Amino acid sequence: MDIETLGSISAALTAWGAAFLLALWASLIYWTYRDAQARLRDPMRRVLAVLVSVVLFIPGVLIYLVLRPTRTLEEEYLVTLEEEALL
């Protein structure tokens, strides 16, 4: 293999890697937005969760996973409804 071929192969792999990272970044932002919408009532906390994932990428999503509520708003409503029914 000559230098030109290696250069073009490395350029193609770099482009594919960059496209993959961009797609991963966008999908994690979208997932964080949808998950925060299902779990958080406060709009400012939703915006903050998305901003953390936008700015910090994978560590931001991990921080969000640690700090997010364990139940969705729907699950919380059902638990409250069940508790009221038991009373």
Side-chain angles (χ1 to χ4, degrees):
M1 292 191 141
D2 60 344
I3 295 295
E4 263 183 49
T5 307
L6 287 175
S8 63
I9 289 173
S10 68
L13 289 176
T14 302
W16 278 102
F20 174 77
L21 286 176
L22 183 65
L24 179 65
W25 182 62
S27 64
L28 285 176
I29 291 169
Y30 180 70
W31 178 84
T32 304
Y33 169 75
R34 294 290 306 260
D35 192 67
Q37 198 173 26
R39 294 179 187 269
L40 303 171
R41 283 189 178 91
D42 185 20
M44 286 305 293
R45 289 181 64 196
R46 289 181 196 165
V47 169
L48 183 62
V50 173
L51 282 177
V52 165
S53 69
V54 167
V55 172
L56 298 178
F57 191 30
I58 293 176
V61 173
L62 293 175
I63 290 169
Y64 170 71
L65 284 173
V66 168
L67 296 178
R68 75 179 182 164
T70 56
R71 295 185 187 142
T72 64
L73 294 175
E74 182 180 355
E75 291 170 347
E76 196 67 41
Y77 173 73
L78 291 175
V79 167
T80 305
L81 195 63
E82 182 180 350
E83 288 173 353
E84 287 179 8
L86 289 175
L87 291 175

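Residue numbers count from 1 along this sequence. Worth saying up front: this structure is predicted, and the values here are computed from it rather than measured. Computed from heavy atoms alone, side chains included, the values below leave out hydrogens, waters and symmetry copies.
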> Would Trp25 end up clustered with Trp31 when hydrophobic side chains under 4.5 Å apart are linked, directly or stepwise?
Replying inline: yes
>> Membership question, hydrophobic clusters at under 4.5 Å side-chain separation (ILVMFWY): are Val54 and Leu22 in the same one?
In response: yes
> Is the CG atom of Leu6 crowded by more than 12 outside heavy atoms at less than 6.0 Å?
Replying inline: yes
Counting only pairs under 3.5 Å, give me each side-chain donor-acceptor contact of residues 55-67, with atom names and distances, residues two or more places apart or in other chains.
residue: Tyr64; atom: OH; partner: Asp35; partner atom: OD2; Å: 2.7
residue: Tyr64; atom: OH; partner: Ala36; partner atom: N; Å: 3.2

> Got a second to check how far Ser53's OG is from Leu48's CG, nearest 0.5 Å?
Replying inline: 10.0 Å
> If two hydrophobic side chains count as joined below 4.5 Å and joins carry through other members, does Leu24 share a cluster with Tyr33?
Replying inline: yes
>> Hydrophobic clusters here meaning ILVMFWY residues chained together by side-chain heavy-atom distances under 4.5 Å, can you tell me if Leu21 and Val52 are in one?
In response: no
> OG1/Thr14 to CD1/Ile9 distance, rounded to the nearest 0.5 angstrom?
Replying inline: 11.5 Å
> Ignoring hydrogens and geometry, is there a side-chain-to-backbone donor-acceptor pair from Arg39 to Thr70 under 3.5 Å?
Replying inline: yes
> Does Arg46 CZ have over 12 foreign heavy atoms under 6.0 Å away?
Replying inline: yes
> Looking at CG of Leu51 and CE of Met44, how far apart are the two atoms once the value is rounded to the nearest 0.5 Å?
Replying inline: 8.5 Å
>> To check you understand the geometry: which heavy-atom pair defines the closest contact between Glu76 and Arg71, and what is its length?
In response: OE1-CD, 3.5 Å
